Q: 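If you scroll down you'll find the structure; I have some questions about it.
Numbering of ligands and ligand atoms starts at 1, following listing order. The analysis underlying the following values was restricted to heavy atoms, covering all of them including side chains, and did not include hydrogens, waters or symmetry mates. Keep in mind the model is a prediction, meaning the values are calculated, not measured.
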Amino acid sequence: MLPRPASPEPLPTIYLDHGATSWPKPPEVVAAVSQALTEYGGNPGRGAYRMAIATSRLIHESRRDVAAFLGVSDAHNLLFSPSCTEALNLVLRGLLKPGDRVVACSMEHNAVARPLFDLSQLGIEVVLVDADSTGTIIAEEVETAVNAAPTRAVVCQHASNLTGTIQPIADLADIAHAAGALMLVDGAQAGGHLSVNLASLGADAWACSGHKGLLGPQGVGVLHLASDCNPTPLVTGGTGGGSSADETAPLVRPDRYEAGTPNTPGIAGLGAAVRFLATHAEQLRAEERRLVRRLHEGILDLPGFSVLGPDPSVPRVPIVSIVHDSIDVDRLAFALDKRWGIATRAGLHCAPWAHRTVGTLDAGALRLGIGYANTTDDIDVALVALATLAQEGS
Ligand SMILES: Cc1ncc(COP(=O)(O)O)c(C=O)c1O
């Protein structure tokens, strides 16, 4: 048999898919997950032995630190969920009833759009307000829609996973509250990348992924509910603490919304992640902004490419999505990965409403998502790679 050729050195990965999930995780996060698996094996709230109590304490500390990082004064209102998607489902399905009217933004991710579609089949009226061509929702247009008829809730993302656009959430919350409506926010792309203070933002419910800008492990989402915002729980069953004999789920928070054994390693990792962010966030965000601008302006100089969303002078979360006038986005992503080791994401980004809004529903877009660990070199290699592909053409 012929000797097999030695396999080529694998290309190091240049990770530019932070919009999907952050990678690598800070070493503190990896250590906390590992420690939870090796030292905190007890089931929190379900035993009185030392290890179970230590696990409960660990979850309490993560909740306290995530709450503090997000400006939440009462940590009982900060809930852990398996994902941002599930938290959003809880909020929408648990609050909206047949006959209600909801005003939503045309940039929403499917984590909002699909539950809203399901609810529309049950007699809930969903009114979509179109964002402009940069993906920005105009507060006055939301105000007009809200005031056209009695409205139960305004639903809007904090930032777009397609264009990086930051939405005017505080203004929308004022508009919603002036009309007696709730303000429900999908914060998946905002947490960690933007300075979020939930005490002053005005959202009645704000959901976020733990694994994107918050730098935690996958499998944990975060939901903040204002004290007077009480959706019906999506899931009931066993919870920690007492009252096991009751047939109904507990009313106290967080137990009411955290049925089942929690993801202790994930929650431990998220706690470590926000402690890391609490120390470094300002510096990391400044660096993300610098890299986004370098990438954005660099791409605008390349032939055939255009960048979705606002122009480079407008703040955005660190997402730069692009299209080329003759090269298919899937081909770009494939070549970037194969030839330069650059991980990006192509296609429709689980947000068909958003693609329709910015005119990319047919062709999709190539998304480059920047995160805390990226360097100037990463951006420059990506720019050289895109320039090469543009030169080679379709
Ligand atoms: C804007 C937005 N909302 C919601 C989600 C859903 O988050 P998760 O997959 O963590 O549940 C995502 C994930 O990409 C997102 O970008």
Q: Is the number of heavy atoms from other residues, nucleotides or ligands within 6.0 Å of CD (Gln391) greater than 12?
A: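 Counting other residues, nucleotides and ligands, CD of Gln391 stays at 12 neighbours or fewer.
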Q: Nearest heavy atom to atom 11 (O) of ligand 1: which of Val220, Thr85, Ile319, Val317 does it belong to?
A: Thr85
Q: I need the atoms of ligand 1 closer than 4.0 Å to a non-hydrogen atom of Gln189, numbered in the order shown.
A: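 Once the distances to Gln189 are compared, the set is 1 (C), 15 (C), 16 (O).
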Q: Checking Thr375 against Asp377 for the side chain to side chain donor-acceptor pair (under 3.5 Å) test, could you report, in this order, the C-alpha distance in whole Å, the side-chain angles of both residues, the deciding distance, and whether it holds?
A: CA-CA 5 Å; Thr375 62; Asp377 274 358; 5.2 Å; no
Q: Is there a side chain to side chain donor-acceptor pair (under 3.5 Å) between Thr264 and Thr55 once you walk through the steps?
A: CA-CA 8 Å; Thr264 301; Thr55 312; 6.0 Å; no
Q: Starting from atom 1 (C) of ligand 1, find the nearest protein heavy-atom neighbour and note its residue, name and distance.
A: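 Protein heavy atom with the smallest distance to atom 1 (C) of ligand 1: Asp186 OD2, 3.4 Å.
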Q: Can Lys212 be said to touch ligand 1, with heavy atoms closer than 4.0 Å?
A: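 Yes; Lys212 lies near enough to ligand 1 that a heavy-atom distance drops under 4.0 Å.
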Q: Determine, using heavy atoms of Gln157 and all atoms of ligand 1, whether some pair is separated by less than 4.0 Å.
A: no
Q: Report yes if some N/O of Cys84 lies less than 3.5 Å from some N/O of ligand 1; otherwise report no.
A: yes
Q: Quick one: do Arg290 and Glu287 make a salt bridge, cutoff under 4.0 Å?
A: yes
Q: Regarding Asp204 and His177, is there a side-chain donor-to-acceptor distance under 3.5 Å anywhere?
A: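 Looking only at side-chain atoms, His177 and Asp204 do form a donor-acceptor pair, the distance falling under 3.5 Å.
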Q: Between Ser313 and Asp311, is any side-chain donor less than 3.5 angstrom from a side-chain acceptor?
A: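 On atom types as modelled, these side chains qualify, holding a pair under 3.5 Å.
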Q: Should you measure from each heavy atom of Ala188, which atoms of ligand 1 turn up under 4.0 Å away?
A: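 Result: 2 (C), 3 (N), 4 (C), 5 (C), 12 (C), 15 (C).
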Q: Closer than 4.0 Å to some heavy atom of Ser209 - which atoms of ligand 1 meet that?
A: 7 (O), 8 (P), 10 (O)
Q: Is it true that His349 lies under 4.0 Å from ligand 1, counting heavy atoms only?
A: no
Q: Taking the six-membered ring where the residue is Trp, are the ring centres of His349 and His355 under 6.0 Å apart?
A: yes
Q: Looking at Ala111, which atoms of ligand 1 are within less than 4.0 Å of one of its heavy atoms?
A: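 Numbered from 1, ligand 1 contributes 4 (C).
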Q: Please could you name the atoms of ligand 1 that Ser83 approaches to less than 4.0 Å, counting only its heavy atoms?
A: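 With Ser83 as reference, the close atoms of ligand 1 come out as 11 (O).
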Q: Check this for me: does any side-chain nitrogen of one of Arg345 and Asp17 sit under 4.0 Å from a carboxylate oxygen of the other?
A: no
Q: Starting from atom 15 (C) of ligand 1, find the nearest protein heavy-atom neighbour and note its residue, name and distance.
A: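 Nearest neighbour among protein heavy atoms for atom 15 (C) of ligand 1, to 0.1 Å: His109 CD2, 3.3 Å.
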